[in-house]
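Side-chain atoms are counted along with the backbone in the values below, which use heavy atoms only and exclude waters and symmetry mates. Source: prediction; values computed, not measured. Naming convention: chains lettered A, B, ... in sequence-line order (proteins, then strands); numbering from 1 in each chain.
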Amino acid sequence: MQYFKIYNTLSGKKEIFRSINPNIVTMYVCGPTVYGEPHLGHARPALTFDILFRYLKHLGYKVRYVRNITDVGHLLNDADEGGDKIGEKAKALKLEPMEVANFYTKKYHESLYKLNIENPSIEPLASGHIIEQIEMIKKIIDNGFGYEVNGSVYFDVVKYNESNDYGILSRRKIEDLMDSSRHLDGQSDKKNKVDFALWKKASSEHIMRWPSPWGDGFPGWHLECSAMSCKYLGEEFDIHGGGMDLVFPHHEAEIAQCCAANNNKGAKYWMHNNMITISGQKMGKSLGNFITLDEFFNGSHDKLDQAYHPMVIRFFLLQAHYRSTIDFSNTALQSAEKGLIRLFNAIKILNKLKPKEKSTVDISPFSSKCDLAMNDDMNTPIVLSYLFDLVKIINSTYEGKQDLSIKDINELKKLFEKYTVSIFGLCNSEEDSDPTDVEGIMSIILELRQNSKEKKDWEIADKIRDRLNNLNIEIKDTKDGTSWSYKK
RNA sequence: GGUCGGAUGGCCGAGUGGCUAGGCAGUGGUCUGCAAAACCAUCUACACCGGUUCGAAUCCGGUUCCGACCUCCA
C-alpha cells in the first residue's frame, strides 16, 4: 500500500495525506488579484495545484477545488493609505473597476486554458462575498479579537496571540514582528503595529466601496479567502495552497481569522509552491521583471529569443519540483522544448511498435516507480526521468534493438496515457485538433516518394522532402520505411 | 537587523550515508543515396574548511556567497 505524502508548511514535514472525509478532498488555492496581465508567476501555483487536482482525482477522490479571483481590496501599501490596486488602475484607464477586473480575469482564464489547466470546481469573486466577509468580521468582533476605530475594523493580533499562536504557519514570534515591522508614517488607528485590517473605511475618493455596519468601506487584505473557503468548504477543510510569498502575512492572517471566528484553523494541510526566478531573482510584479504569459506564447518580450508553445511552458515547470525555485532562461526553455518533442515522438512511435512474442526488457517496475515518485510530494521531475528512460526503450525497440510483447506495449500505452496526458496534462494539440486525415494523405505522398527512391530518382525524392519540410513536416528514412512528424 | 531556504557537471534540474537521476548541449561511432531522427558509447559534479563514519555530495560544526519573507506580490 502506497501513501500519498505531501509537504505541510504547518508542520514543516512531509505528511501522509488523509482526507477529513473518506473519498472527498476539499481544497482552496489563492488566485490572482486581477489588475494586470497574467505572468509566468501566476502559472506556477495554477499548474502546481492543477497537478494536485488531477492526481487526487486519479487516486479516486471526489475533489472540490476552490480558487478565488481577488477583485477588491488590497491597498497599494501597508501604511493604511493609498488607493486599492484595481481602483487605481481603473482611474488611470478611466474605466469602471469592474471593467478592469473582468478584463484581466478573462486574460487569466485564456492563458490558463492554453496551458491546459483545468477549471476549479468553484471560482468565487471577492466582490461577490462582501456579506460573508462582513458576517465574519462580526463574529471576530463578538469573540473579542476585533476592534473598530473610525469606521475601520482591525484584528487584534496581540490579544489573539495570548490564547492562540500567531506565527504558527510562518514560524515567527510576535516579539520579533513587533521589533521588525516597518514603522508607519503618521498616526495609525491600529492598537499595535502587527494588527491588520479586517474592514477599511473608504475615503471620499475611493471608488470600490460597500456599505457595512461600520460605514462605507471595503474588506481587508486577508479576509476574502477565510470567508470564501469557509462558505464553500466548511470551517475545516483539507488543503490550502498558494505561492510561498503568501505564507506571511496572508496565510498566517487567514489562520488567525478562522481561529478567531470559528475556533478552527481552517485547512489541515498548507501547501506552497516556490517562486520563479529570473537571473536568480524572484520574478514579480513589484520588481517589474516579469514576463507575461502572452509574451511567452508569442515571443514578444525583449528577453525572449523565440515564442514558446504553452505546452513547453507547462513541461518546463514540471521539470522542477514545485517547492524548488525554477530559474527562467531561454536555453532552459529551449531544452525543455526539445525534450518535450522527444517525449511526444516516442508516444507516437509507441503506437506503431510491432509486438514480438516476448519482451527483452523488463518494464514492470516503471509503473510503481512513477507512482512512488508522485506519492512523494508530487515529484514530477522524477516521474519525467522515468518516462524518459521508457522513451529510450521505445526508441530502441523501434530500431529493432529490443523486443516488446503486446502486453508490455499496452502497459506502456496506459502508463504514458496516465502520466503524460491525464496527470501532467501534456497534450500534443496539433495532432489532436486535426480534422482531416493527414495520416492518409501523408501515406500517399510517402509512397510516391518511395517509388522515386527505388528508381534512384533522388531529385524527386529530395524535392518532396524539402517541400514538406517547408510545411513544417519532417521526413525520416528508417529501415522500416519512412516516417514523418511535425517539426514543432 | 530578525526568520527561513539554497549553493550539484557547459546550461536546466533530481537525489540525500555505499549502487546511474533525467532533459539540453559536447565528443566518438552505428544507420543512411544524402539529410534528419534514432540508437550505442563517452566527457564535464556535488561552494569552502574541519569533524563523525569502514565509507559523505548526502550527517554535524564553522566559513563564504545567493535568495525569499518581514510592505502589495503567485
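- Heavy atoms of A/Lys285 sit under 4.0 angstrom from primed sugar atoms or phosphate atoms, though from no base atom.
- Heavy atoms of A/Leu387 sit nowhere under 4.0 angstrom from any nucleic acid atom.
- The side chain of A/Arg449 approaches B/G33 more closely than any other nucleotide in the set B/C70, B/G33, B/A74.
- An OP1 or OP2 oxygen of B/A38 is reached within less than 4.0 angstrom by no side-chain nitrogen or oxygen of A/Lys476.
- A salt bridge is absent between A/Lys5 and A/Glu15: the closest approach of a Lys/Arg side-chain nitrogen to an acidic carboxylate oxygen does not fall below 4.0 angstrom.
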For A/Asp477 and A/Arg449, run salt bridge (Lys or Arg N to Asp or Glu O under 4.0 Å): C-alpha distance rounded to whole Å, both residues' side-chain angles, the deciding distance at 0.1 Å, then the answer.
CA-CA 11 Å; A/Asp477 291 328; A/Arg449 179 165 176 273; 3.0 Å; yes
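- B/A47 and B/U8 have their C1' atoms separated by 10 Å, given to the nearest Å.
- Nucleotides B/G10 and B/G50 have their P atoms positioned 23 Å apart, rounded to a whole Å.
- The base of B/G13 has none of its N or O atoms less than 3.5 Å from a complementary donor or acceptor on the side chain of A/Asp327.
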Dot-bracket summary - RNA chain B, pairs being Watson-Crick or G-U whose distances fall under 3.5 Å, with | when paired to another strand
(((((((..(((.....[...))).(((((.......)))))....(((((..]....))))))))))))....
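- Side-chain atoms of A/Arg465 stay outside donor-acceptor range of the base of B/A36, with no qualifying N/O pair under 3.5 Å.
- As rounded to whole Å, 14 Å separates atom P of B/U32 from atom CD of A/Gln450.
- Comparing B/G26 with B/C65, their C1' atoms are spaced 29 Å from each other, to the whole Å.
- Taking a cutoff of 4.0 Å between a charged side-chain nitrogen and a carboxylate oxygen, A/Arg67 and A/Asp50 do not qualify as a salt bridge.
- Across B/U16 and B/G6, the matching P atoms stand 12 Å from one another, rounded to whole Å.
- Atom P of nucleotide B/U3 and atom OH of A/Tyr166 are separated by 17 Å, given to the nearest angstrom.
- In the set B/G2, B/A36, B/C69, B/G2 carries the atom at the smallest distance from any side-chain atom of A/Asp176.
- Between A/Ile276 atom CD1 and B/A74 atom P the separation is 12 Å, expressed in whole Å.
- Atom CZ in A/Arg323 sits roughly 15 Å away from atom C1' in B/A68 (whole-Å rounding).
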Between A/Asp462 and A/Arg465, does a salt bridge (Lys or Arg N to Asp or Glu O under 4.0 Å) hold up when you go through it step by step?
CA-CA 5 Å; A/Asp462 289 351; A/Arg465 184 174 62 198; 3.3 Å; yes
Are there any protein N/O atoms within less than 3.5 Å of an N/O atom in nucleotides 15-24 of chain B, and if so, which ones and at what distance?
residue : atom : partner  : partner atom : Å
B/G15   : OP1  : A/Asn379 : ND2          : 3.1
B/G23   : OP1  : A/Arg342 : NH2          : 3.3
B/C24   : O2'  : A/Ser335 : OG           : 3.1

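- Here A/Arg172 lies in heavy-atom contact (under 4.0 Å) with a base.
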Working note: A/Lys107 + A/Asp294, criterion salt bridge (Lys or Arg N to Asp or Glu O under 4.0 Å); need CA distance, chi angles, decisive distance, verdict.
CA-CA 9 Å; A/Lys107 289 281 221 175; A/Asp294 269 350; 3.3 Å; yes
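- No engagement by A/Leu343 is indicated, since no non-hydrogen atom pair under 4.0 Å with the nucleic acid exists.
- On a pure distance criterion of 3.5 Å, a polar donor-acceptor pair joins the side chain of A/Asp477 and the base of B/C34.
- Contact annotation: A/Asn395 reaches the phosphate of B/C39 (side-chain N/O to OP1 or OP2, under 4.0 Å).
- The 5' end of RNA chain B is approached more closely, in terms of each residue's nearest nucleotide, by A/Ser329 than by the other of A/Ser329 and A/Thr277.
- Rounded to a whole angstrom, the distance from the C1' atom of B/U30 to that of B/G22 is 24 Å.
- A/Lys282 has its NZ atom 13 Å from the P atom of B/U71, to the nearest Å.
- Among the nucleotides B/C39, B/A74, B/C34, the one closest to any side-chain atom of A/Asp462 is B/C34.
- Nearest-nucleotide positions on RNA chain B for A/Pro32 and A/Lys453 put A/Lys453 closer to the 5' end.
- With both ends at atom P, the span from B/C66 to B/A74 equals 27 Å, rounded to whole Å.
- No salt bridge links A/Lys190 with A/Asp195; every basic N to acidic carboxylate O contact stays at or beyond 4.0 Å.
- On the C1' atoms, B/U71 is 35 Å away from B/A14, given to the nearest whole Å.
- Taking the C1' atoms as reference points, B/C12 lies 16 Å from B/C46, given to the whole Å.
- In this entry the distance linking CE of A/Met178 with C1' of B/U3 reads 17 Å, nearest Å.
- A/Lys413 has no carboxylate O lying under 4.0 Å from a charged side-chain N of A/Glu417, or vice versa, which leaves the two without a salt bridge.
- Nucleic acid contact class of A/Met275 (heavy atoms, under 4.0 Å, all strands): base.
- Remark: P of B/G2 and CZ of A/Phe248 are 17 Å apart, rounded to the nearest angstrom.
- Side chains of A/Thr70 and A/Ile86 form no contact here, defined as non-hydrogen atoms less than 4.5 Å apart.
- Spacing between atom CG of A/Leu353 and atom C1' of B/A38 amounts to 13 Å, rounded to whole angstrom units.
- If you look at A/Tyr232 and A/His129, their ring centroids are closer than 6.0 Å.
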Please lay out, stage by stage, how A/Arg342 and A/Asn395 fare under the test side-chain contact (heavy atoms from CB on, under 4.5 Å).
CA-CA 10 Å; A/Arg342 187 168 137 91; A/Asn395 282 332; 4.2 Å; yes
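- A salt bridge does not link A/Asp165 to A/Arg172: none of the charged nitrogens lies less than 4.0 Å from a carboxylate oxygen.
- For the pair A/Asp389 and A/Lys392, the salt-bridge criterion is not met [side-chain N within less than 4.0 Å of a carboxylate O].
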